[in-house]
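The block underneath contains the structure these notes are about, expressed in C-alpha cells.
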Amino acid sequence: AHDSNIHLARQVEKHGCLSFVCDMPRFARGRRAGRVGRMLLQTCLLLLLLAAMLAPMANVAMAMFPSNAAIMRVVRDGPLFAQLERCGAAPADASEWRSRAEALATSVAPSVVAGDARDDAEALAALFADVTEVEAVDASVGLDAEPSPLALARQRLFHVCLPTYFWCRHVHAEAKRQGRIGGEEQRRVFVVGMSAPQGCGKTTMVEQLVALWTADGVKCAALSIDDVYLNGTALDALAAANPSNRLLGVRGNPGTHDIGLALSTFAALDDALAEGSAAAPPILLPRYDKALRGGRGDRAPRSQWPTAPVGLEVLLFEGWMAGFSPTSPERAREVGGDDLAAINTNLAARYGESCGGYSAMFGRADAWLVVGVEDPAHVFKWRREAEQKMALAGRGAMDDAAVEDFVSRYMPAYRLYLPGLYEQARGAGVDGKPTLFVHVDGDRRPVPDPESPR
C-alpha cells in the first residue's frame, strides 16, 4: 500500500489532479492496491475536485444572504412603505434596495458585528447575524419590548434611511419633470427641509442621505440651521437686551439666527448652478463651532467653512425648529408666557425688504422631511445619552442638571409649534410642499403614526 501511495502521488504530480482523477483506473492498474481501495481513493479525489469547483458558487450564495425576498419582507414591514407605494417612490426591484443597503451597512451596523466584514455585502449579512431563520426576518424586526442592536440597525436602515432617500429622489425627479427646477428659467438648487427634534438622529440621517445622493451621481451637501446662528458678539448683545427672557439667553430659539446669511448662501448656490460649473466661483457653506467661547459657541472662521461641491444640485437644510410657523400672540403667551410671546414675535418678524425673515428661509425649501415624536420630552433622555457618550470619550460634557436646564429652554417652542407642524405634515404638506412624515418613538425607532391611516 505504501508503494502504491508513492506511485499515485507521482502520477498526480506528473499529470495533474484532473487528468489523474479522470484516468485513475489506468494509473492504478496492476498495483497491489485492491479494487475497493482504488475506488475509495478515486471517490475521495472526486469529492475534493467537486468541492473546489463549488467553492465560488458557495461564496456567491453567501454574498446573497439575506435573500432579496427576505429584504423585501423587511422593507414592506416598515411604516413608510405604504406612503412610498402611494406616490410611486418605492423601487419595485429588490436589487435596488439591496445595493443601497450594502452601501450603508457598514455605517449602520454595530461595530462589534460589522468590524470583521471584508466588503459591503458581508456588512449587510452581518446586520442579519442574529436571524436564525431567514423566513422569519420580517418578524425579527418587529417592535420588540427591548430590541437588539441589530434589530434597531435594520429598522433604521430599511424603515427610515432608505425609504426617506427613495422619497427624496422621487420628489426631486418630479420637480425636474414639472420644470420647477432644472429648466433654462428655473435652474436652481433643490432644497429639502428637514425638521427633527434634537437628538433624534437627524445628523446621521443627513450624512447617509448625502452619501446615497453622491453614490447616485448627484452633487449633494448639507446645511444646518445651527450653522447660521448669530456670531458670539451678536448673541451676547441679544441676551443683554433681553435679560429677563431665559429663552434668549442661549442660542437656538427664533431670534438667534442670521437669516441673511442663510438666504445669501441659498442665492449663491442657485447662481453658481445657473452659471455653470466652469464660471461659478467656489461657494463656502457656513459652519458654527459650539465649542468656542467656553462652550457658548461662535461662528467658525471662514477658513474652516467647507466648499460646496461644484454643480451642487441638492441641499439638505435641517434643524430642530425648521418649518415652525408663528401662532397668535395670545396662544404663545398662554403656552409660555411673555418669554415665548417674544420668541413668537421673532418667528413672525420680517427683517426688511432684503430679508424676509424665517418664513423666507423656510420657504426656500422645495420639499420637507418631518421627523415626529410621540413626546418631545424624549429630547431630555436623548441629550443625556449624548452627553454621557461625550464624557466616556473624555470630552467636556454637561451633567444631568445642566442638560435639564439646557433642554428646558427649547420645550416651550416644542409645545407651541410642533402640533401645527405635524398637522401640516399629515395634511397638505409643510407650506403646501411635498412632505414625508416619519414618526419615531423614544428609542428613535420608526413606528406607525397613530393619527394617520396606514
Side-chain angles (χ1 to χ4, degrees), residues 65-85 89-91 94 96-114 117 120-168 194 196-197 199-209 211-212 369-375 378-379 381-382 385-386 436-450 452 454:
F65 178 83
S67 68
N68 283 348
I71 286 178
M72 290 310 297
R73 282 195 294 274
V74 176
V75 167
R76 293 190 180 96
D77 193 47
L80 297 180
F81 186 72
Q83 294 187 58
L84 264 64
E85 280 200 314
E96 191 166 4
W97 290 90
R98 171 183 287 278
S99 65
R100 301 308 193 282
E102 287 179 349
L104 295 179
T106 302
S107 65
V108 302
S111 57
V112 68
V113 175
D120 292 340
E122 286 194 6
L124 179 61
L127 277 179
F128 292 79
D130 61 336
V131 179
T132 57
E133 297 183 17
V134 177
E135 295 300 320
V137 166
D138 51 341
S140 73
V141 296
L143 299 179
D144 311 287
E146 294 184 4
S148 70
L150 284 177
L152 282 174
R154 286 193 295 269
Q155 289 169 353
R156 290 168 184 162
L157 177 60
F158 291 105
H159 293 178
V160 178
C161 181
L162 292 182
T164 298
Y165 171 68
F166 289 134
W167 181 86
C168 287
M194 180 176 176
C200 74
K202 63 179 177 294
T203 300
T204 300
M205 187 186 300
V206 165
E207 292 172 351
Q208 293 169 343
L209 291 174
L212 288 169
L369 298 172
V370 176
V371 179
V373 291
E374 54 190 3
D375 184 357
H378 291 320
V379 175
K381 181 185 77 168
W382 295 338
E385 292 172 350
L436 181 67
F437 186 63
V438 183
H439 197 67
V440 300
D441 64 10
D443 292 317
R444 306 180 186 87
R445 294 185 296 175
V447 295
D449 178 12
S452 292
R454 287 300 299 268

- [ ] Kindly indicate, with the supporting measurements, whether the criterion side-chain contact (heavy atoms from CB on, under 4.5 Å) is fulfilled by V371 and K202.
- [x] CA-CA 8 Å; V371 179; K202 63 179 177 294; 5.9 Å; no
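- Looking at every heavy atom in both residues, A196 comes nearest to C200 through CB-SG, 3.4 Å.
- Scanning for side-chain contact (heavy atoms from CB on, under 4.5 Å) contacts around A94 gives N68, M72, with sequence neighbours left out.
- Taking every heavy atom of both residues into account, V447 and V440 meet most closely at CG2-C, 4.1 Å.
- For the atom pair CG of L162 and CZ of R98, the computed distance is 12.5 Å after rounding to the nearest 0.5 Å.
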Task: Step-by-step side-chain contact (heavy atoms from CB on, under 4.5 Å) determination, W167 to Q83 - done: CA-CA 9 Å; W167 181 86; Q83 294 187 58; over 6 Å; no
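- To the nearest 0.5 Å, atom CZ of residue R100 and atom CG of residue L157 are 12.5 Å apart.
- In terms of the side-chain hydrogen bond (donor to acceptor under 3.5 Å, both in side chains) criterion, H439 has no residue partners (sequence neighbours excluded).
- For the pair W382 and G442, the tightest heavy-atom approach, listed with the atom from each and the gap, is NE1-O, 2.9 Å.
- Put simply, CZ on R76 and CG on L84 are 12.5 Å apart, with the number rounded to the nearest 0.5 Å.
- With sequence neighbours excluded, no residue satisfies side-chain contact (heavy atoms from CB on, under 4.5 Å) with A103.
- Remark: E207 pairs with no residue by the side-chain hydrogen bond (donor to acceptor under 3.5 Å, both in side chains) rule, at least two apart or across chains.
- With sequence neighbours excluded, the residues satisfying ring pair (Phe, Tyr, Trp, His ring centres under 6.0 Å) with F166 are W97.
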- [ ] Let me see the working for L369 and V438 under side-chain contact (heavy atoms from CB on, under 4.5 Å), right down to the final yes or no.
- [x] CA-CA 8 Å; L369 298 172; V438 183; 5.7 Å; no
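- Under the side-chain contact (heavy atoms from CB on, under 4.5 Å) criterion, C161 pairs with L104, Q208, L212, sequence neighbours left out.
- Classification of K381 and D443 as a salt-bridged pair holds, one side-chain N sitting under 4.0 Å from a carboxylate O.
- For the salt bridge (charged side-chain N to carboxylate O under 4.0 Å, His left out) test, residues two or more places apart in sequence or in another chain that qualify with E385 are R444.
- Nearest heavy atoms, V160 versus T164: O-OG1, 2.6 Å.
- The backbone N or O of V74 sits less than 3.5 Å from a side-chain atom of H159, completing a donor-acceptor pair.
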